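Since the structure comes first, as structure tokens, the remarks are kept for the end.
So you know, we letter chains A, B, ... as the sequences are listed, proteins then strands, and number each from 1. Note that this is a predicted model, so its numbers are computed, not measured.
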Amino acid sequence: MSNLNSERILVTSALPYINGVKHMGNLAGSMLPADVYSRAMRLLGHDVLYICATDEHGTPAELAAAEAGLSVSEYCEKMHIAQKEAGANFKLSYDYFGRSSSAATHKLTQDFALALEANGFIEERTSQQVFSVADGRYLPDRYVEGICPNCGFEAARGDQCDNCGKLLDPVDLINPYSAVSGSHDVEIRDTNHLYLKQSDMSGKLRDWVESHRADWPALTTSIAMKWLDEGLRDRAITRDLEWGVPVVNAEGDVRDGFEGKVFYVWFDAPIAYIGATQDWAAETEGDWEKFWRTDKGADATRYVQFMGKDNVAFHTLSFPTTIMGSGQPWKLVDELKAFNWVTWYGGKFSTSQKRGVFMDQAIDIAPSDYWRWHLMANAPESSDAAFTWEDFQASVNSDLANVLGNFVNRITSYCVKKFDGVVPEGGEITDAEKWIQAELAERLPRMVSFYEAREFRKAMAETRAVWAAGNEYLTQAAPWTHYKTNVDQAAMGVRVGLNLVALFGVLAQPIIPDAAEKILSAMNIPEQFRTWNFREASFDDGPLNALPINHPISAPPVLFTKIEAEDIEAWTERFGGAE
RNA sequence: GGUGAGGUAGCUCAGCUGGUUAGAGCGCAGGACUCAUAAUCCUGAGGUCGAGAGUUCAAGUCUCUCUCUCACUACCA
């Protein structure tokens with residue numbers, strides 16, 4: 001059914017910044033849901049391209065490189081590989097994981113800027129910036145510290161005082177110094193930068209956001225409208241830095257007065273979605289234009305973005321300004337799914353403060369499936385969601401080990417024991433079979449709808465309910481009871497049970513791909529029968545009668561080991577998190 | 001300060017444009033079963049829906065006030 005209306009879907013998740021392996025909040029809020037969605041859409045027969053990349057420019061990258069004793073390019077190379085590996089460990093099914101520092105993105109960024117300027121959306125202006133003589137660099141506001149003029153706090157940052165919360169300007173700080181080196185040898189200098197005139201675009205942006213009120217989550221539109229209501233300010237899109245995309249003129253030479261300046265990371269990062277798609281095309285001989293050029297087929301592409309709420313403004317305002325202002329037929333996002341935060345024992349996860357659990361550590365203590373399931377079943381969709389070790393344990397033990405894992409185990413091992421490990425024939429359809437059929441007929445289409453709507457918590461809850469229904473079916477059918485008096489009727493229960501195992505494996509693929517693979521290979525399900533073609537379940541050609549009689553199966557080894565109280569203790573000890 | 005999101009059973013959360021006895025999972029209590037990772041299945045107890053006022057025949061659902069939590073506030077991304 002779904003194959004009849006196969007769509008071309010472009011999926012991107014917010015680019016993970018380069019300065020370290022990401023924490024579980026980053027994973028839960030962009031990369032993982034994008035992956036789960038991409039996998040589900042592929043199973044439904046859609047033509048999906050999932051693109052991501054490392055976001056490599058900006059001051060934090062330069063500073064992190066310096067701290068690591070590496071050149072910026074060496075550092076980024078190293079961290080790109082680390083992040084790519086972390087993604088692979090969590091089974092993120094990128095079609096391409098690129099880099100914002102690639103040549104393609106450089107070229108696109110420069111071209112966009114030239115087009116924007118030609119259309120009057122870029123203006124060169126002079127501003128004052130703090131320059132640290134000792135560091136030999138301009139400092140972003142937050143890297144300047146000093147005494148807060150409001151409360152006297154001694155380590156107030158140039159953008160905001162951490163003590164009293166007042167918003168500051170670096171020039172307001174008393175006795176300012178560089179947060180990088182601690183040097184007080186700082187001065188205010190005039191510097192020229194390019195400004196993106198977002199204000200001129202606000203009418204069009206407002207109309208565009210307004211047109212998506214119905215299909216975007218409230219979180220997305222409310223953030224965008226808030227900025228529009230406050231009045232868009234023009235944003236500087238260049239910085240005084242070495243590492244990044246050079247600012248050039250139409251001839252391709254460095255623009256006059258822009259030596260030592262590059263584009264601001266937030267200008268080029270979204271452009272890297274396109275650049276990475278071009279890089280993907282170059283490596284695979286794919287066609288990037290059908291995803292991005294509306295004059296080359298991208299009108300027929302559905303573009304879906306995933307991100308944390310902090311990124312919404314950039315994706316609903318700045319990047320669309322870039323796209324619209326270019327006057328060129330670039331694809332705008334169609335559907336934008338934003339997430340709140342996963343919180344960590346009362347606060348936020350923090351890369352800089354090393355608070356929380358990071359992807360490389362997480363994979364060390366539990367298999368990726370465990371994390372994927374828990375983070376999706378508890379996705380921070382309607383509000384921030386608290387992560388606790390106890391909840392993690394409950395998700396894994398109850399949902400995965402008890403409901404799914406035990407189900408697979410109980411029926412496959414019974415089949416091996418009593419029916420020689422093959423799908424048995426015989427038996428009559430009873431109320432139990434009719435009941436499970438009705439359950440599936442109702443739940444599977446609903447589950448698919450939740451995936452299509454990117455309602456992850458609900459999709460997970462529905463999936464779990466289907467697994468639980470399998471256990472209930474076995475209780476009703478009770479093949480072990482029939483076996484004593486009527487082996488044929490026992491065969492019915494086992495056969496349906498085995499079909500359910502196969503179905504559950506098929507359903508589990510987007511969420512817990514490793515376990516799904518174990519189940520499907522134990523059931524000897526060929527690749528071509530692992531897709532989602534079950535909108536209408538029936539006994540004639542539906543998922544309950546998919547396995548041929550005498551089809552051999554085996555009982556997979558225990559799929560999910562339970563998390564013990566001692567594990568929780570050890571992890572709490574190691575990562576903090578005690579309240 | 002401004003803006004936004006949220007405060008619904010012990011815990012985590014569903015509840016669309018207001019309409020029968022407010023739902024799910026976990027946890028808890030009792031029972032059933034014994035194929036299974038002491039798993040599973042059934043039943044049950046548990047909520048004055050943050051507080052107060054208002055609109056209405058009718059409000060968790062709309063309006064106002066108050067209160068608590070969290071986030072964003074543009075040069076970290």
Return the polar atom pairs (N/O with N/O) between nucleotides 74-77 of chain B and the protein under 3.5 Å, or none.
{"residue": "B/rA74", "atom": "N7", "partner": "A/Arg233", "partner atom": "NH2", "Å": "3.1"}
{"residue": "B/rA74", "atom": "N6", "partner": "A/Gly231", "partner atom": "O", "Å": "2.9"}
{"residue": "B/rA74", "atom": "N1", "partner": "A/Arg233", "partner atom": "N", "Å": "3.2"}
{"residue": "B/rC75", "atom": "OP2", "partner": "A/Arg235", "partner atom": "NH1", "Å": "2.9"}
{"residue": "B/rC75", "atom": "O4'", "partner": "A/Arg239", "partner atom": "NH2", "Å": "3.4"}
{"residue": "B/rC75", "atom": "O2'", "partner": "A/Asp141", "partner atom": "N", "Å": "3.4"}
{"residue": "B/rC75", "atom": "O2'", "partner": "A/Asp141", "partner atom": "OD1", "Å": "3.2"}
{"residue": "B/rC75", "atom": "O2'", "partner": "A/Asp141", "partner atom": "OD2", "Å": "2.4"}
{"residue": "B/rC75", "atom": "O2", "partner": "A/Gln129", "partner atom": "OE1", "Å": "3.1"}
{"residue": "B/rC75", "atom": "N3", "partner": "A/Gln129", "partner atom": "OE1", "Å": "3.0"}
{"residue": "B/rC75", "atom": "N3", "partner": "A/Gln129", "partner atom": "NE2", "Å": "2.8"}
{"residue": "B/rC75", "atom": "N4", "partner": "A/Gln129", "partner atom": "NE2", "Å": "3.4"}
{"residue": "B/rC76", "atom": "OP2", "partner": "A/Asp159", "partner atom": "OD2", "Å": "3.4"}
{"residue": "B/rC76", "atom": "O4'", "partner": "A/Arg142", "partner atom": "NH1", "Å": "3.4"}
{"residue": "B/rC76", "atom": "N1", "partner": "A/Arg142", "partner atom": "NH1", "Å": "3.3"}
{"residue": "B/rC76", "atom": "O2", "partner": "A/Arg142", "partner atom": "NH1", "Å": "3.4"}
{"residue": "B/rA77", "atom": "OP2", "partner": "A/Tyr264", "partner atom": "OH", "Å": "3.2"}
{"residue": "B/rA77", "atom": "O3'", "partner": "A/Asp55", "partner atom": "OD2", "Å": "2.3"}

Taking the [atom1] atom of each, how far is [N] from [M], in whole Å?
N	M	atom1	value
B/rG30	B/rA51	P	33 Å
B/rG60	B/rG19	C1'	13 Å
B/rU12	B/rG47	C1'	15 Å
B/rA14	B/rC75	P	33 Å
B/rC16	B/rU43	C1'	32 Å
B/rA22	B/rA45	P	13 Å
B/rC26	B/rU40	C1'	16 Å
B/rU61	B/rG1	P	26 Å

ring centroid sep under 5.5 Å plus plane angle under 30, A/Trp480 with B/rC35
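A/Trp480 ring centre within cut-off of B/rC35 base, planes near parallel; stacks.
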Have A/Thr191 and A/Lys261 got a donor and an acceptor in their side chains that come within less than 3.5 Å?
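A/Lys261 and A/Thr191 do have a side-chain donor-acceptor pair below 3.5 Å.
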Verify whether one side chain among A/Asp431 and A/Gln476 offers a donor that lies under 3.5 Å from an acceptor in the other.
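No, because no side-chain N or O of A/Asp431 sits under 3.5 Å from a partner of the opposite role on A/Gln476.
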Could I get the full list of ring-ring contact (aromatic ring centres under 6.0 Å, His included) partners for [X], not counting sequence neighbours?
X	result
A/Phe314	A/Trp266
A/Phe419	A/Tyr483
A/Trp216	A/Trp208, A/His212
A/Phe456	none

For the residue pair A/Val342 and A/Pro380, what are the closest heavy atoms and their distance?
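Looking at all heavy atoms of both residues, the closest pair is CG2-CG, 3.8 Å.
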What is the minimum heavy-atom distance between A/Ala68 and A/Tyr75, and which atoms define it?
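Nearest heavy atoms, A/Ala68 then A/Tyr75: CB-CD1, 4.0 Å.
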Does the pair [X]/[Y] count as a salt bridge with the N-to-O cut at 4.0 Å?
X	Y	value
A/Arg457	A/Glu455	no
A/Arg206	A/Glu210	no
A/Glu442	A/Arg446	yes

With RNA chain B as reference, determine whether A/Thr475 or A/Gly405 sits nearer its 5' end, using the nearest nucleotide of each.
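Final value for this comparison: A/Gly405.
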Taking the nucleotide of RNA chain B with the nearest heavy atom to each, does A/Ser398 or A/Val403 sit closer to the 5' end?
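Residue closer to the 5' terminus by nearest nucleotide: A/Ser398.
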Kindly state which residues belonging to residues 555-567 of chain A come within less than 4.0 angstrom of RNA chain B, counting heavy atoms of the residue only, listed by number.
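Residues of residues 555-567 of chain A that come under 4.0 Å of RNA chain B are, in numerical order, A/Val558, A/Leu559, A/Phe560, A/Lys562.
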Could you check how far [atom1] of [X] sits from [atom2] of [N], rounded to whole Å?
X	N	atom1	atom2	answer
A/Asn471	B/rU37	CG	P	13 Å
A/Arg495	B/rC35	CZ	C1'	17 Å
A/Tyr414	B/rU40	OH	C1'	15 Å
A/Asn406	B/rU37	CG	C1'	6 Å
A/Asp399	B/rC26	CG	P	8 Å
A/Trp435	B/rC41	CH2	P	9 Å

Which atom pairs, donor and acceptor, lie under 3.5 Å between side-chain atoms of residues 399-414 of chain A and protein residues at least two apart or in another chain?
{"residue": "A/Asp399", "atom": "OD1", "partner": "A/Arg464", "partner atom": "NH1", "Å": "2.5"}
{"residue": "A/Asp399", "atom": "OD2", "partner": "A/Trp373", "partner atom": "NE1", "Å": "3.0"}
{"residue": "A/Asn402", "atom": "OD1", "partner": "A/Lys562", "partner atom": "NZ", "Å": "3.0"}
{"residue": "A/Asn402", "atom": "ND2", "partner": "A/Asn397", "partner atom": "O", "Å": "3.4"}
{"residue": "A/Arg410", "atom": "NH1", "partner": "A/Asn471", "partner atom": "OD1", "Å": "2.8"}
{"residue": "A/Thr412", "atom": "OG1", "partner": "A/Val408", "partner atom": "O", "Å": "2.5"}
{"residue": "A/Thr412", "atom": "OG1", "partner": "A/Asn409", "partner atom": "O", "Å": "3.4"}
{"residue": "A/Ser413", "atom": "OG", "partner": "A/Asn409", "partner atom": "O", "Å": "2.6"}

A/Glu124 atom CD: more than 12 heavy-atom contacts under 6.0 Å
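For A/Glu124, atom CD is crowded (more than 12 foreign heavy atoms under 6.0 Å).
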Taking atom CD as the centre, does A/Gln128 end up with more than 12 heavy-atom neighbours from other residues, nucleotides or ligands that are less than 6.0 angstrom away?
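More than 12 within 6.0 Å, yes.
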What protein N or O atoms touch nucleotides 42-44 of chain B N or O atoms at under 3.5 angstrom, if any, and at what distances?
{"residue": "B/rC42", "atom": "OP1", "partner": "A/Glu472", "partner atom": "OE1", "Å": "3.1"}
{"residue": "B/rC42", "atom": "OP1", "partner": "A/Glu472", "partner atom": "OE2", "Å": "3.4"}

Answer yes or no: side-chain N or O of A/Lys418 and base N or O of B/rC35 forming a donor-acceptor pair under 3.5 Å.
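Such a pair does not exist between side chain and base.
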Just to be sure I understand: a Watson-Crick pair is purine N1 to pyrimidine N3 plus N6-O4 or O6-N4, both under 3.5 Å. Using that and G-U wobbles, which stems of three or more pairs involve RNA chain B?
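Stems for RNA chain B, defined as runs of 3 or more consecutive pairs: B:1-7 with B:67-73, B:10-13 with B:23-26, B:28-32 with B:40-44, B:50-54 with B:62-66.
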What pairs meet the salt bridge (Lys or Arg N to Asp or Glu O under 4.0 Å) rule with one or both residues in residues 372-388 of chain A, with sequence neighbours excluded?
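For residues 372-388 of chain A: A/Asp35-A/Arg372, A/Lys309-A/Asp384, A/Lys337-A/Glu381.
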Who pairs with A/Thr126 by side chain to side chain donor-acceptor pair (under 3.5 Å), at least two apart in sequence or on another chain?
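Side chain to side chain donor-acceptor pair (under 3.5 Å) list for A/Thr126, sorted by chain: A/Asn192.
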Can A/Val245 and A/His57 be said to form a side chain to side chain contact (heavy atoms under 4.5 Å, CB included), step by step?
CA-CA 8 Å; A/Val245 181; A/His57 299 139; 3.8 Å; yes
List, with names and distances, any nitrogen or oxygen atoms from the protein found under 3.5 Å away from nitrogen or oxygen atoms belonging to nucleotides 12-16 of chain B.
{"residue": "B/rA14", "atom": "OP1", "partner": "A/Ser382", "partner atom": "OG", "Å": "2.1"}
{"residue": "B/rG15", "atom": "OP1", "partner": "A/Lys458", "partner atom": "NZ", "Å": "3.0"}

Torsion-based syn/anti label for B/rG46, 90° from 0 as limit
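With its glycosidic angle within 90° of zero, B/rG46 counts as syn.
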Of the options B/rU34, B/rC72, B/rG25, whose atoms approach the side-chain atoms of A/Arg464 most closely?
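Among B/rU34, B/rC72, B/rG25, the one nearest the side chain of A/Arg464 is B/rG25.
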